[in-house]
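Here the structure comes first, spelled out in structure tokens, and everything after it is commentary.
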Amino acid sequence: DMKVTQMPRYLIKRMGENVLLECGQDMSHETMYWYRQDPGLGLQLIYISYDVDSNSEGDIPKGYRVSRKKREHFSLILDSAKTNQTSVYFCASSPGQGAGNTLYFGEGSRLIVV
Amino acid sequence: QQKVQQSPESLIVPEGGMASLNCTSSDRNVDYFWWYRQHSGKSPKMLMSIFSNGEKEEGRFTVHLNKASLHTSLHIRDSQPSDSALYLCAAPDTGKLTFGDGTVLTVKP
């Protein structure tokens with residue numbers, strides 16, 4: 001069964017704390033993504049990973065970093081979280097590189113920074 | 001950076017009616033689009049893609065593409081309350097997808 005799993009699903013952190021969001025997929029997909037979605041807005045790309053240790057910035061990478069040490073696992077790290085990073089974060093994977101492949105999304109991680 | 005514009009922002013249609021959603025890219029090199037659907041509190045799921053000029057139909061859903069005008073539209077006939085969702089259009093942009101802000105569709109019973 002094709003699945004993208006995100007942990008944790010809900011998280012409340014204080015400003016300045018570090019945040020780790022984790023994502024796993026069981027489809028051996030090459031490419032993985034982290035997006036954020038704010039109310040009334042579409043999806044904004046934070047980082048894209050083409051394979052292990054092959055990561056590229058997306059449209060809004062400032063304040064975030066990522067790690068991909070295994071093909072099936074992609075982490076998003078917020079060092080010293082800020083209140084404007086309160087959002088819903090979606091991880092996604094796709095079977096190849098390029099925009100011509102279907103994205104499979106996880107169920108999202110809701111982060112609140114207070 | 002490419003902009004993907006969707007209209008209208010929100011749309012209310014009666015059950016059984018036709019819903020029409022629009023999407024345009026600012027990038028003249030765009031030649032295909034994706035449509036994703038996101039129910040409230042859930043993750044986006046791919047609905048349809050269109051790579052060729054013209055029309056593509058899948059059940060109650062029809063997608064049109066006009067490459068010359070960089071425009072795609074999604075039409076849902078016989079709309080059902082379960083079609084109520086955020087519809088996101090996406091276009092390719094240097095190897096990744098750029099999403100629009102979406103159209104919120106509400107189907108009233």
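Convention: sequence-line order gives letters A, B, ...; per-chain numbering from 1.
- For A:Y104 (side chain) and B:M46 (main-chain N/O), no donor-acceptor pair under 3.5 Å exists by modelled atom type.
- Taking a 6.0 Å sphere around NZ of B:K3, one finds it holds 12 or fewer heavy atoms contributed by other residues, nucleotides or ligands.
- With contacts defined as side-chain heavy-atom distances shorter than 4.5 Å, the pair B:L97/A:Y33 does not qualify.
- No option in A:D59, A:L103, A:T31 other than A:D59 meets the side chain to side chain contact (heavy atoms under 4.5 Å, CB included) test with B:K96.
- A:R110 CZ: 12 or fewer foreign heavy atoms inside a 6.0 Å radius.
- Enclosure of atom CE in B:M18 by more than 12 non-hydrogen atoms of other residues, nucleotides or ligands within 6.0 angstrom is indicated.
- Rounded to the nearest 0.5 Å, atoms CG (B:L86) and CG (A:L41) are 10.0 Å apart.
- Note on B:V30 and B:Y32: separate hydrophobic clusters, where clusters join Ile, Leu, Val, Met, Phe, Trp and Tyr whose side-chain heavy atoms are under 4.5 Å apart, directly or indirectly.
- Chosen from A:G100, A:G106, A:S94, the residue pairing most often with chain B at heavy-atom distances under 4.5 Å is A:G100.
- The two residues A:F90 and B:Q38 make their nearest non-hydrogen contact at CZ-NE2, 3.5 Å.
- The 12-atom threshold is not exceeded at NZ of B:K42, counting heavy atoms of other residues, nucleotides or ligands nearer than 6.0 Å.
- Rounding to the nearest 0.5 Å places OG1 of B:T98 at 10.5 Å from CD of A:Q44.
- Taking each heavy atom of A:T102 and B:W34 in turn, the nearest pair found is OG1-CZ3, 3.4 Å.
- Linking Ile, Leu, Val, Met, Phe, Trp and Tyr residues whenever their side-chain heavy atoms come within less than 4.5 Å leaves B:L11 and B:V104 in two separate clusters.
- Residues A:V66 and A:I60 fall within the same hydrophobic cluster, defined by Ile, Leu, Val, Met, Phe, Trp and Tyr side chains chained together at heavy-atom separations under 4.5 Å.
- Residues B:P44 and A:L43 approach most closely at CG-CD1, 3.9 Å, considering heavy atoms.
- Only the side chain of A:L45 comes within contact range of chain B, with heavy atoms under 4.5 Å apart.
- Hydrophobic clustering (side-chain heavy atoms under 4.5 Å, transitive across Ile, Leu, Val, Met, Phe, Trp, Tyr) keeps A:M32 apart from A:V52.
- Going from atom CZ of A:F105 over to atom OH of B:Y36 covers 6.0 Å, rounded to the nearest 0.5 Å.
- Inter-residue side-chain proximity for A:Q37 and B:F99 is flagged as unmet; no heavy-atom pair is nearer than 4.5 Å.
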